[in-house]
Amino acid sequence: MTRRTTGDAPTPAPTALPADLPPVPFDPELAAALEALGEQPPLTPQAIPAVRAAAAAGALGDEALGCGGEVVWEERAVAGPAGAPEVTVLICRPAAAPADSRLPLVYFMHGGGMVAGSRRHLMSDVLVWTRTLRTVTVSVEYRLAPEHPHPAPLEDCYAGLVWSARHAAELGADPARIITVGTSAGGGLAAGLALLARDRGGPAPAAQMLLSPMLDDRNDTCSSRQMAGRGMWDRASNTTAWNAHLDGAAGAPGIPAHAAPARAADLTGLPPAYLDVGSAETFRDETVAYAGRLWQSGIPCELHVWPGGFHGFDEFPPQARLSRRAKETRRAWLTGLLTAGQDDR
């Protein structure tokens, strides 16, 4: 099979910008919640253990995964990349679904800046979809940087996707209706996974959902400079995370597109996409640019830029008006995607 070119995209001529760019104001309700939380120091290499501990403390426990008996779940160790350890996946299904169902499969990649998080991290929304949209969810545990830089995390995600597609019937899922979903670092991995699956001729997702995705290691967009030192994830944190993921080479020439999807020269042949991002966050401009390039490549794409949203606003605070709007809009897109396909059997 002929592999596509996934090298650096042509770099546009730089646009002159003021040295001190005024930040986009936060949504008032979100700003109040951020102020109540207190100062959030940027991620540094020394802070990674504490960030991991915080993510572990926030991971969903067994009882929460069961959703009061509405969801059945299990964890399995499945075949990992060649020569690498097995990959653990968390599998969640609607409790009432017959064993021979052919439900859509949501393949989920958690956030955490490539350095933290687990298969149980940031799972609340996908569990809502499992219960109410009748989906099977597979959440993959990928290895973390800096101990395991690229390509280890992406190869783990790919191995889990291959296993999920091959075992879809066993899971009560339809291999033709796999939707890859990732948030933040997981969004970057989901974008890289779509490229990798295309280039290898692997399982082709029916769609991809990239939520505030981490796409560009160069970290030099207008929004990354404009929002420096503000919100939950700024340019300094992003630099730490990308250097962990790329073994200190963030921003260097020749970074592969599978690692940093914003560098891909060719986005043709990718699945339809949903992207969203806050207007007041580091990832705004790279997300908008990626959506534009998907359209230019003929890929159906829906983009939402949430006014005044900081990175992760939908998780904190989840009941804010803007958070609820974002969650409702994602659900509506998924509902339309799933109801446009074949009926569940």
Side-chain angles (χ1 to χ4, degrees), residues 21-37 40 106 108-113 121-126 128-129 133 179-191 207-216 219 221-235 237-238 261-262 272-295 299-337:
L21 296 165
V24 175
F26 296 128
D27 170 89
E29 189 176 8
L30 300 181
L34 199 59
E35 184 176 359
L37 186 63
Q40 297 298 300
V106 170
F108 180 67
M109 285 146 280
H110 66 81
H121 186 48
L122 301 176
M123 279 283 292
S124 298
D125 285 351
V126 292
V128 171
W129 302 338
L133 298 181
I179 301 104
T180 52
V181 179
T183 181
S184 191
L189 288 169
Q208 54 180 327
M209 178 178 270
L210 314 179
L211 308 178
S212 294
M214 182 176 165
L215 300 169
D216 196 342
N219 199 22
T221 61
C222 175
S223 59
S224 74
R225 287 174 281 159
Q226 186 180 35
M227 302 308 296
R230 294 175 59 82
M232 299 289 284
W233 186 262
D234 76 343
R235 192 180 186 194
S237 296
N238 207 33
Y274 177 102
L275 290 84
D276 77 2
V277 69
S279 71
E281 69 158 295
T282 299
F283 295 150
R284 182 195 67 215
D285 290 350
E286 63 199 70
T287 301
V288 171
Y290 200 73
R293 294 190 57 225
L294 287 170
W295 288 318
I299 308 302
C301 176
E302 183 168 325
L303 169 68
H304 293 271
V305 180
W306 299 106
F310 55 74
H311 188 68
F313 72 90
D314 54 313
E315 291 292 331
F316 175 82
Q319 295 307 315
R321 181 173 178 270
L322 196 68
S323 302
R324 289 185 280 110
R325 282 180 58 199
K327 293 171 185 288
E328 290 162 4
T329 304
R330 294 168 192 164
R331 177 189 168 90
W333 181 81
L334 276 171
T335 300
L337 179 73

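The first residue of the sequence shown is numbered 1, and numbering continues consecutively from there.
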Heavy-atom side-chain proximity of [X] to [Y] below 4.5 angstrom:
X	Y	value
Phe26	Met227	yes
Asp314	Arg330	yes
Tyr274	Leu337	no
Arg284	Gln226	yes
Thr287	Pro213	yes
Val128	Lys327	no
Pro307	Val24	no
Asp276	Thr329	no

[X] to [Y] - nearest heavy-atom pair and separation:
X	Y	answer
Ser212	Gly278	OG-N, 4.4 Å
Leu21	Cys222	CD1-SG, 3.8 Å
Cys301	Trp295	O-NE1, 2.9 Å
Ala191	Leu215	CB-CD2, 3.7 Å

Given the options Glu328, Met209, His304, Trp333 meets side chain to side chain contact (heavy atoms under 4.5 Å, CB included) only with Met209
I'd like to know if the side chain of [X] and the backbone of [Y] have a donor-acceptor N/O pair within less than 3.5 Å.
X	Y	answer
Trp233	Glu281	no
Thr180	Ala190	no
Arg235	Asn219	yes

**Report entry** Ser323 and Leu30: CA distance, side-chain angles, deciding distance, side-chain contact (heavy atoms from CB on, under 4.5 Å) verdict
**Finding:** CA-CA 9 Å; Ser323 302; Leu30 300 181; 4.2 Å; yes
Euclidean distance, [Y] [atom2] relative to [X] [atom1], rounded to 0.5 Å:
X	Y	atom1	atom2	value
Thr183	Leu189	OG1	CG	11.5 Å
Arg321	Asp27	CZ	CG	8.5 Å
Ser279	Asp285	OG	CG	10.5 Å
Ser184	Met232	OG	CE	11.0 Å
Phe316	Leu37	CZ	CG	4.5 Å
Asp234	Arg230	CG	CZ	11.0 Å

Would you please classify the geometry between the [Y] ring and the [X] ring as parallel, tilted or perpendicular, with 30° and 60° separating the classes?
X	Y	answer
Phe283	His311	perpendicular
Phe313	Phe310	perpendicular
His121	His110	perpendicular

Exercise. Stepwise, does the side-chain contact (heavy atoms from CB on, under 4.5 Å) test hold for Glu315 with Leu122?
Worked result: CA-CA 8 Å; Glu315 291 292 331; Leu122 301 176; 3.9 Å; yes
Working note: Leu294 + Leu275, criterion side-chain contact (heavy atoms from CB on, under 4.5 Å); need CA distance, chi angles, decisive distance, verdict. CA-CA 11 Å; Leu294 287 170; Leu275 290 84; 3.9 Å; yes
Next on the checklist: Could you walk me through whether Asn238 and Ser224 satisfy the side-chain contact (heavy atoms from CB on, under 4.5 Å) test, starting with their C-alpha distance in whole Å, then the side-chain angles of each, then the deciding distance to 0.1 Å, before giving a yes or no?
Outcome noted: CA-CA 9 Å; Asn238 207 33; Ser224 74; 5.8 Å; no
Verify the neighbour count for atom CZ of Arg324: are there more than 12 heavy atoms of other residues, nucleotides or ligands below 6.0 Å? yes
